Asks: 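Sharing a structure, written as structure tokens. Questions coming.
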Amino acid sequence: MPASTPVVATVPEEFALLVASLAAITDPRLARGKVHPLPGVLALVVLGLMAGCRSLSAISRYGQIHPEVLAPLGLRRSPSVATLHRLLRRVSVAEVRQGMRAFAGGLIARRGAVDAVTEVALDGKTLRGTHADGRPLHVLRAFAQHAALALDQSPAAPLHGEVTAATTWVTDLAGTFPGLSILTGDALFAEQSLCTAVVAGQRDDVFRLKKTNRPSSPTSPSFSPSPARPIL
């Protein structure tokens with residue numbers, strides 16, 4: 001089969017991959033009294049969020065009205081809201097992020113979609129209904145457009161905090177996706193620290209410039225700098 005030919009993975013296979021990717025997350029519970037396996041619970045949360053659930057009660061109901069997803073996740077019944085609340089507040093966010101990043105990489109490999117992850121968009125978003133330290137949580141997302149797959153999501157302060165998070169992501173994590181060669185984003189990311197990291201990783205970047213109200217300002221929709229030198 002040619003390397004560029006996509007591989008069709010079945011839903012049970014991808015469910016199994018999701019559970020396996022979350023299996024390394026530390027379970028904070030004592031062994032006695034466990035009812036639901038942690039990887040299965042977290043996998044159900046992921047599926048519920050993908051289905052549009054906006055609360056723990058909605059995720060619990062999702063498992064109840066879709067019992068066909070429970071067995072592939074290793075669950076006998078849908079966890080209660082109280083169980084979801086106790087588990088999600090105690091698991092390591094960093095470990096969950098690492099597990100989801102491993103899941104994204106596994107999907108790419110299983111689907112033979114490395115060629116669809118050559119271009120990745122970086123974009124900052126404030127999550128609705130999600131708070132950290134009393135403030136709405138702001139994150140930086142790395143999204144592979146052609147693969148229709150979110151590769152990663154990391155907390156970031158708004159505006160220039162996104163640049164710091166993007167620089168860290170390019171330096172430490174972009175190499176885990178070997179097909180990635182082009183980064184896209186808003187003009188905010190055209191800062192020397194990030195561009196230096198892009199150049200060091202031998203990648204190209206494309207940042208969209210927004211029009212200004214100044215008649216004398218150039219208005220170019222985008223630019224693609226040479227990988228041989230940083231911007232600014």
Side-chain angles (χ1 to χ4, degrees), residues 9-111 125-143 149-157 161 165 168-169 172-173 175-177:
T10 65
V11 171
E13 287 176 339
E14 296 192 350
F15 276 18
L17 177 61
L18 175 59
V19 174
S21 300
L22 299 173
I25 296 174
T26 304
D27 193 334
R29 301 171 296 176
L30 298 175
R32 182 179 179 182
K34 289 184 182 178
V35 176
H36 308 286
L38 180 62
V41 174
L42 296 177
L44 179 65
V45 172
V46 171
L47 295 179
L49 292 175
M50 292 176 62
C53 297
R54 293 291 181 265
S55 66
L56 297 183
S57 60
I59 293 172
S60 181
R61 287 196 302 272
Y62 174 81
Q64 294 170 9
I65 63 179
H66 294 285
E68 68 277 6
V69 308
L70 298 180
L73 303 182
L75 300 174
R76 291 179 291 176
R77 63 178 183 272
S78 186
S80 67
V81 174
T83 297
L84 292 173
H85 177 74
R86 285 195 301 269
L87 281 179
L88 295 181
R89 70 193 299 263
R90 295 178 63 190
V91 296
S92 166
V93 174
E95 290 185 5
V96 172
R97 180 187 170 197
Q98 183 176 358
M100 293 305 301
R101 193 164 57 244
F103 175 58
L107 278 182
I108 293 168
R110 184 176 293 273
R111 294 175 177 177
K125 295 292 184 184
T126 299
L127 302 184
R128 181 183 302 176
T130 303
H131 295 75
D133 299 325
R135 298 180 179 180
L137 182 62
H138 194 82
V139 298
L140 177 73
R141 289 177 175 172
F143 186 77
L149 183 65
L151 304 183
D152 196 15
Q153 177 173 286
S154 60
T168 301
W169 192 86
D172 299 339
L173 299 174
T176 60
F177 303 98

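We count residues from 1, following the sequence as given. Everything numeric in this text was worked out from a predicted model, so none of it was measured.
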Asks: For R141, give me all partners under salt bridge (Lys or Arg N to Asp or Glu O under 4.0 Å), at least two apart in sequence or on another chain.
Replies: none
Asks: Heavy atoms only: give me the nearest G161-A156 pair and the separation to one decimal.
Replies: O-CB, 3.8 Å
Asks: Going by the rule side-chain hydrogen bond (donor to acceptor under 3.5 Å, both in side chains), which residues pair with R90 if we only count those two or more places apart in sequence or in a different chain?
Replies: none
Asks: Supply the atom-to-atom distance K125 NZ to L137 CG, rounded to the nearest 0.5 angstrom.
Replies: 14.0 Å
Asks: Distance-only, no hydrogens or angles: does the Q153 side chain make a donor-acceptor pair with backbone N or O of V139 under 3.5 Å?
Replies: no
Asks: Minimum heavy-atom separation for F177 to I108, with atom names?
Replies: CD2-CD1, 3.9 Å
Asks: Supply the atom-to-atom distance L22 CG to E95 CD, rounded to the nearest 0.5 angstrom.
Replies: 11.0 Å
Asks: Ignoring hydrogens, what is the shortest heavy-atom contact between L18 and A43? Give both atom names and the distance.
Replies: CD2-CB, 3.7 Å
Asks: Is there a donor-acceptor pair under 3.5 Å between the side chain of S21 and the backbone N or O of L17?
Replies: yes
Asks: With sequence neighbours excluded, give me every ring-ring contact (aromatic ring centres under 6.0 Å, His included) pair touching residues 53-82.
Replies: Y62-H66
Asks: Between atom CG of L42 and atom CD1 of I25, what is the distance when rounded to the nearest 0.5 Å?
Replies: 5.0 Å
Asks: Under 4.5 Å between any side-chain heavy atoms of H36 and R76, yes or no?
Replies: no
Asks: Closest heavy-atom contact between S78 and L44?
Replies: OG-CD2, 3.9 Å
Asks: Determine the minimum heavy-atom distance between L75 and P37, stating which atoms define it.
Replies: CD2-CD, 3.8 Å
Asks: Could you list the residues that satisfy salt bridge (Lys or Arg N to Asp or Glu O under 4.0 Å) with R29, not counting sequence neighbours?
Replies: D27
Asks: T126 side chain to H138 main-chain N or O, any donor-acceptor pair under 3.5 Å?
Replies: no
Asks: Which pairs pass ring-ring contact (aromatic ring centres under 6.0 Å, His included) with one or both residues in residues 82-109, sequence neighbours excluded?
Replies: none
Asks: Residues in side-chain hydrogen bond (donor to acceptor under 3.5 Å, both in side chains) with T176, at least two apart?
Replies: none
Asks: Minimum heavy-atom separation for I59 to C53, with atom names?
Replies: CG1-CB, 3.7 Å
